[in-house]
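Every chain is numbered from 1 and lettered A, B, ... according to where its sequence line falls, protein lines coming before strand lines. Note that these values count all heavy atoms, side chains included, but never hydrogens, waters or copies made by symmetry.
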2 protein chains.
Amino acid sequence: MHSVRRPPAMRDVAHLAGVSHQTVSRVVNDHPSVRSETRARVLAAMRALDYQPNVAARTLATNRSQTVGLVTFDTTLFGPSFMVHAIERAAREAGYFVSIASARELNVPSVTEAIRRLREQAVEGIITLAPVAAAWTALGRSLLDVPAHVPIVGMGIDVHAMPEVPMVAVDNAAGAGLATRHLIALGHRTVHHVAGPPEWPEARERMAGWQAALEAAGLPVPRALPGDWSARSGYAAGRALAADPAVTAVFCGNDQMAIGVLRAMHEAGRAVPGAVSVVGFDDMPEAPYLQPPLTTVRQDFAELGRRSMHLLVTQIATGVRQTGQHRSAPDLVVRESTSALAF
Amino acid sequence: MHSVRRPPAMRDVAHLAGVSHQTVSRVVNDHPSVRSETRARVLAAMRALDYQPNVAARTLATNRSQTVGLVTFDTTLFGPSFMVHAIERAAREAGYFVSIASARELNVPSVTEAIRRLREQAVEGIITLAPVAAAWTALGRSLLDVPAHVPIVGMGIDVHAMPEVPMVAVDNAAGAGLATRHLIALGHRTVHHVAGPPEWPEARERMAGWQAALEAAGLPVPRALPGDWSARSGYAAGRALAADPAVTAVFCGNDQMAIGVLRAMHEAGRAVPGAVSVVGFDDMPEAPYLQPPLTTVRQDFAELGRRSMHLLVTQIATGVRQTGQHRSAPDLVVRESTSALAF
DNA sequence: CTGTTAGCGCATTCAG
DNA sequence: CTGAATGCGCTAACAG
């Protein structure tokens, strides 16, 4: 009976190459001071043994985990799911692993728990997609407990609630302004709004941008209808809107809710864009193929993911906490769900 | 100048509680043989110091990382993004962290690289959402390199290519059969199909189920149109289908492609379901709000995520490699995009 | 340029 | 029921 098959360790490589395990370590870490002939021998031994470094041991010795944590809430939403993808890509390119912790619910204990899990894993930094102001309070508290500052980036967070945390997001207010002014320019006397949940800063910012654009144009500001980002909630709001003949233009907080509004209008016999114009937000890949193709505000999720990762890596490398907002400019994509007001 | 703030280690807790670090370890790991009074003292000390165990050290000592790896490809697709979420939930409940590694592309080197990254992290098991047969060959090779069998679960993999890997998936062929027979029962003389990429086993299984149902009914099997899961590709296929007046029923490989088909039909003036019936696959949350509300095959993604995690945990715990297919039964959800053939 | 010596924080023997 | 010793695999000083 021969020895148990155990993954080869550094010492095995060293033995085979006839050097000390330290030299192997140097080769692994690209330390300059290794004779190239020695290096070649070590590399050959590594290949021969199919050596794989043990991250746990390295983490223990260096106190660096090479891992960043991602706090998510609902990755089934179009935006967040796209971000997860973009962040993973960016992390890999920067040499980091990504570990996910999703918050069960949108409240303080859930987010605190998610952060605790991540910290327990000794992540070097945290990117969060958790959207709630209350959650940010929890995050803030958690951070205060941490001896060294944990590098962190918040995507779509409430900057007022957490000014000390750098944030990356699309300029929601500007995007909402784009959409609203587009509708106003088309001759609509006012624009109605189906909003996302008020707990989400994105939702509040879009609402604020919509309202500001209306006020700037001297137009009345109707009550916004509440939604939860889902097509279902958009449909419910759309039914209410469709019942009011005065409604001719609707700006939706996201594309999914716009889908619901489109459906409700269709059922009520109100043609889009003939009788009412509809604008969404996000520009999901399906938007051009809806009925009618949806005019919407595009945000570049991949770019946002890359920027937040870059910001995080910078903080990790320099050890200095960044702050401030990093906003990317949205574009209005005009398709067929909007048209001039017909008298 | 006082000492550097370093996270409290087990020894600090031990010191404060007046016990050995060993006793602290026992308390942390719920070892039974600790006097409850001692345990209380230790717990108090842990709380006082806000002690957090160091996973790296534990991993090093136990050779268990408490982490499962997730190989993904495109998490922006509805199905995969939902799975990621379900898997994370299930993993947390089972006491595991989840680390993501996405394959850059659908080929052997990319998947091998993703697996290498995961193994380097010493994950205790791997769940993969990577769909390609070729990728599975790579995975198979990687596995052969591993001294001990790495517990693994493939979601939606090609069972023929990798019979030794347990797989979890919806019964795609059955779902396609449901859809196709529904259309046949409605009087359609044949059913056309917009297929997903042939590299995806799901796509092939759905195509096979569609074909089998047609053949069983003694109906002609038209050439399937190629798609890539996107609404854009569905639209392209839909234009071709709309140009052929003989087409009265279309089964799409997923809902997103169905959206494109719906649009193409509308543009061509072919009413759905008046002139042509359309069925999707997945039942995405927006399906009920499309124009018209989409008849589709529902799969329970959350359930699939839970099952695969359960299977993985079982393998990790027992150390025995499972095999075989674990299929969940899909449901047909009939909405308004299908109707009886009108002569 | 290379080897030696110490830990990193924890769990796992084995003694008491 | 509790403590002391040992090592997990690696990096970081320090020597040579």
- Task: Indicate, with a heavy-atom threshold strictly under 4.0 Å, whether A/N29 touches base, sugar-phosphate, or nothing.
- Result: sugar-phosphate
From the candidates C/dG3, D/dC10, D/dT2, the one with an atom nearest any side-chain atom of B/R35 is D/dT2
Checklist entry - Do B/E303 and B/S328 have side-chain N/O donor and acceptor atoms under 3.5 Å apart? => result no
Of the listed D/dT11, C/dA11, C/dC10, the closest approach to the A/M10 side chain comes from D/dT11
Under 4.0 Å, heavy atoms only, any strand: does A/V19 hit a base, just the sugar-phosphate, or nothing?
sugar-phosphate
Output for pair (B/L118 CG, B/I152 CD1), nearest 0.5 Å, gives 9.0 Å
Taking only N and O in the side chain of A/R11, is any of them less than 4.0 Å away from OP1 or OP2 of D/dC8? yes
dist B/H85:NE2 -> A/T72:OG1 (nearest 0.5 Å) comes out at 6.0 Å
Ranking B/R26 and B/L60 by the position along DNA chain C of their nearest nucleotide, the one closer to 5' is B/L60
**Asked** According to a strict under-4.0 Å criterion, is A/T23 in side-chain N/O contact with OP1 or OP2 of C/dG3?
**Response** yes
Side-chain atoms of A/A61 come closest, of C/dC10, D/dT11, D/dG3, to D/dT11
Please classify the nucleic acid contact of A/T38 as base, sugar-phosphate, or nothing, using heavy-atom distances under 4.0 Å. sugar-phosphate
